[in-house]
Number of protein chains: 2
Amino acid sequence: MAMNPADATIDADELLALRLRALAHPARLAILRALAQTERCQCGQIVRGLTLAQSTVSQHLKVLKEAGLITGTIEGPRSCYCLDRETVAMLADELLPLLDLLAAAPAQGSGADNPDPRADALV
Amino acid sequence: MAMNPADATIDADELLALRLRALAHPARLAILRALAQTERCQCGQIVRGLTLAQSTVSQHLKVLKEAGLITGTIEGPRSCYCLDRETVAMLADELLPLLDLLAAAPAQGSGADNPDPRADALV
DNA sequence: ATCGTTTATCGTCGATAGACGATGATTTCA
DNA sequence: TGAAATCATCGTCTATCGACGATAAACGAT
């Protein structure tokens, strides 16, 4: 999955950001939810379900596909899109620990009163 | 949290997309991780930890603040930023069911061979 | 009162996102 | 073979992002 050359020099955070960015649009959220229900979905069905032009929907599908969240196969004159549930699960596995880390109390020793917390841990 | 007037006409997906978009940048991920460690962090520490101009970091902080993910308070000549762990937790609570839904097998009855799946469930 | 420090904001620039219509490619059906 | 349907891609337009330097604002220290 995701073997196009542009990914060669992508670090983990860039890939995560790419996928989050793919999620970060109401139309794409709607598309993903629709795919979650029907498993296989033709482009036209998605277009009819949204109030967007066909070309716009096609571009959203392309973004989702480039992020690896969906797969698209051509079937005759139409295209069949499917969720890539494996990639979604991988994203979840990456995202949940991160959100846990962010929501949890900070590690001991770097309390609020520390006048000199190391900021070098950033990069 | 997030009471600025622009939010008045925002639906749930737009708010979710706004927050995902705030997450979807490597620099902002790094900032959030740093804040997770130290709880209270001055802007200057974050700037020194990244290889970005101070003004750029300030803009990233603004994006995170507008998404409600962090809070910023002025303390004398400097600013103290904190994670809004409550909002992060709320985001996680919204995101996890969504990712579960996307990663899980589709609901029965809308199988692959159904020639006429309803697509109206989209909007 | 002035200077230095720290941070936010402004203005600018190039790049990208998001929308659309038009066009093209491909396949099915008559 | 020709016509219709379906979808991807192209070109265009506007708006926003992401980066920077320069500047302004706020405060502490001298």
Side-chain angles (χ1 to χ4, degrees), chain A residues 4 6 10 13-14 17-32 34-35 40-67 69-82 115-117 119 123, chain B residues 4 6 10 13-14 17-32 34-35 40-67 69-82 115-117 119 123:
Chain A
N4 55 73
I10 260 189
D13 267 5
E14 285 185 58
L18 174 75
R19 290 183 171 155
L20 287 172
R21 204 163 47 240
L23 280 182
H25 191 288
R28 293 195 287 266
L29 289 174
I31 290 173
L32 290 174
L35 288 180
R40 296 159 43 81
C41 200
Q42 294 172 9
C43 177
Q45 296 174 336
I46 299 174
V47 170
R48 283 187 291 276
L50 297 172
T51 58
L52 290 171
Q54 176 265 329
S55 57
T56 304
V57 174
S58 192
Q59 294 213 109
H60 283 307
L61 289 167
K62 188 179 179 184
V63 171
L64 291 170
K65 195 168 160 185
E66 284 174 352
L69 298 175
I70 66 175
T71 62
T73 61
I74 300 177
E75 295 193 351
R78 49 205 74 181
S79 287
C80 173
Y81 285 97
C82 304
D116 181 17
V123 184
Chain B
N4 55 73
I10 260 189
D13 267 4
E14 286 185 58
L18 174 75
R19 289 182 172 156
L20 287 172
R21 204 164 46 239
L23 280 181
H25 192 287
R28 294 196 287 266
L29 288 174
I31 291 173
L32 290 174
L35 288 179
R40 295 159 43 83
C41 200
Q42 294 173 9
C43 177
Q45 295 174 336
I46 300 174
V47 171
R48 282 186 291 276
L50 298 171
T51 57
L52 290 171
Q54 175 265 328
S55 58
T56 303
V57 174
S58 192
Q59 295 214 107
H60 282 307
L61 290 167
K62 189 179 177 184
V63 171
L64 291 171
K65 195 168 160 184
E66 285 174 350
L69 298 175
I70 67 174
T71 62
T73 61
I74 300 178
E75 295 193 353
R78 50 204 72 181
S79 287
C80 172
Y81 284 97
C82 303
D116 180 18
V123 184

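All values below come from the heavy atoms of this structure, side chains included, with hydrogens, waters and symmetry mates left out. The chains referred to below are lettered A, B, ... by the order of the sequence lines, with proteins before strands, and numbering in each begins at 1.
- With sequence neighbours excluded, the residues satisfying side chain to side chain contact (heavy atoms under 4.5 Å, CB included) with A/A67 are A/R19, A/A22, A/L69.
- Counting to the nearest Å, the P atom of D/dC7 and the CD1 atom of A/I31 are 13 Å from each other.
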Open item on the list: Strictly under 4.0 angstrom, non-hydrogen atoms only: write out the protein contact profile of nucleotides 9-24 of chain C, one letter per nucleotide from the 5' end, B, S or -.
Closed with: B--------SBBBB--
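- The distance from atom CD of B/Q42 to atom P of C/dT5 is 15 Å, rounded to the nearest whole Å.
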Using the 3.5 Å cut-off, write out each protein N or O paired with an N or O of nucleotides 13-16 of chain D and the distance between them.
none

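- What separates CD1 of A/I46 from P of D/dT6 is a distance of 14 Å, to the nearest Å.
- Looking at residues two or more places apart in sequence or on another chain, you find a side chain to side chain contact (heavy atoms under 4.5 Å, CB included) between B/S58 and B/Q54.
- Protein atom CD of A/E75 is 11 Å distant from nucleotide atom P of C/dT28, rounded to whole Å.
- With C/dT7, C/dT26, D/dC7 as the candidates, the nucleotide lying closest to the side chain of A/C43 is D/dC7.
- With rounding to whole Å, B/L64 atom CG is found 15 Å from C/dA8 atom C1'.
- Remark: B/P26 pairs with A/D13, A/E14, A/A17 by the side chain to side chain contact (heavy atoms under 4.5 Å, CB included) rule, at least two apart or across chains.
- For A/A24, the side chain to side chain contact (heavy atoms under 4.5 Å, CB included) partners two or more places apart in sequence, or in a different chain, are B/L20, B/R21.
- The separation between A/R78 atom CZ and D/dT6 atom P is 6 Å, rounded to whole Å.
- Take B/H60 and apply the side chain to side chain donor-acceptor pair (under 3.5 Å) test, not counting sequence neighbours, and it matches B/R28.
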